[in-house]
Amino acid sequence: MNLFTRPRRFGKTLNMSMLQYFFEDVRDEKGGKQPDFELAYSMLKRQIADEYMRHKFILMDERLAEQKERYLQIMREQADRELYVDALQFLSNATKKAYTLKILLRIISFSR
């Protein structure tokens, strides 16, 4: 996993805001801001499960046979909280195995 950073005042927030408004669907209710922790946690689980669903074809790869149950639990939102701690790293590693390529994971946070 690689992390690319930029210096201060390099236009990161402006660039990310522009991309957010370009790709954001006004009707999208998937925002991370929720009134309480439990609802925010549920939304986070759902978003992670959506990403797992998007990549579910990698379950057919025989190299992932040992991790298949963990993958399915997270995809079905049935996993324990401990499995969500590194769920994105686990997905990144699983896709790396399936594609046999180095995966770049970008996590973008928007501040308002």
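Computed over heavy atoms, backbone and side chain alike; hydrogens, waters and symmetry mates excluded. Because the structure is predicted, anything quoted here is derived from the model rather than measured.
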(request) Mind checking side chain to side chain contact (heavy atoms under 4.5 Å, CB included) for M53 and listing every partner two or more places apart, or none if nothing turns up? (result) K56, M75
(request) Might you confirm whether atom NZ of K68 has over 12 heavy atoms from other residues, nucleotides or ligands at distances under 6.0 Å? (result) no
(message) Is it the case that the side chain of T95 and the backbone of L91 share a donor-acceptor pair, with hydrogens and angles ignored and the cut-off at 3.5 Å?
(response) yes
(message) With a 3.5 Å distance limit and no angle check, can you tell me whether Y52 reaches the backbone of A87 through a side-chain donor-acceptor pair?
(response) yes
(request) Please check if L72 and I58 belong to a single hydrophobic cluster, counting links between Ile, Leu, Val, Met, Phe, Trp and Tyr side chain heavy atoms closer than 4.5 Å. (result) yes
(request) Sequence neighbours left out, what passes side-chain hydrogen bond (donor to acceptor under 3.5 Å, both in side chains) with E51? Give chain and number order. (result) R54
(request) Please report the closest heavy-atom contact between L64 and A94, naming both atoms and the distance. (result) CD1-O, 3.8 Å
(message) How long is the straight-line distance from OH of Y71 back to NE2 of H55, given to the nearest 0.5 Å?
(response) 7.0 Å
(message) Hydrophobic clustering (ILVMFWY, side-chain heavy atoms < 4.5 Å, transitive) - are V85 and L83 grouped together?
(response) no
(request) Name all residues meeting the side chain to side chain contact (heavy atoms under 4.5 Å, CB included) criterion together with N93; count only those two or more places apart in sequence or in a different chain, and write none if there are none. (result) Q89
(request) Find the distance between CD (Q67) and CG (D61) and round it off to the nearest 0.5 Å. (result) 10.0 Å
(request) Using the side-chain hydrogen bond (donor to acceptor under 3.5 Å, both in side chains) rule, collect all pairs that involve residues 74-86, keeping only residues at least two apart or in two chains. (result) E38-R81, R70-D86
(message) Can you tell me how the ring of F37 sits relative to the ring of Y41, calling it parallel under 30°, perpendicular over 60° and tilted otherwise?
(response) parallel
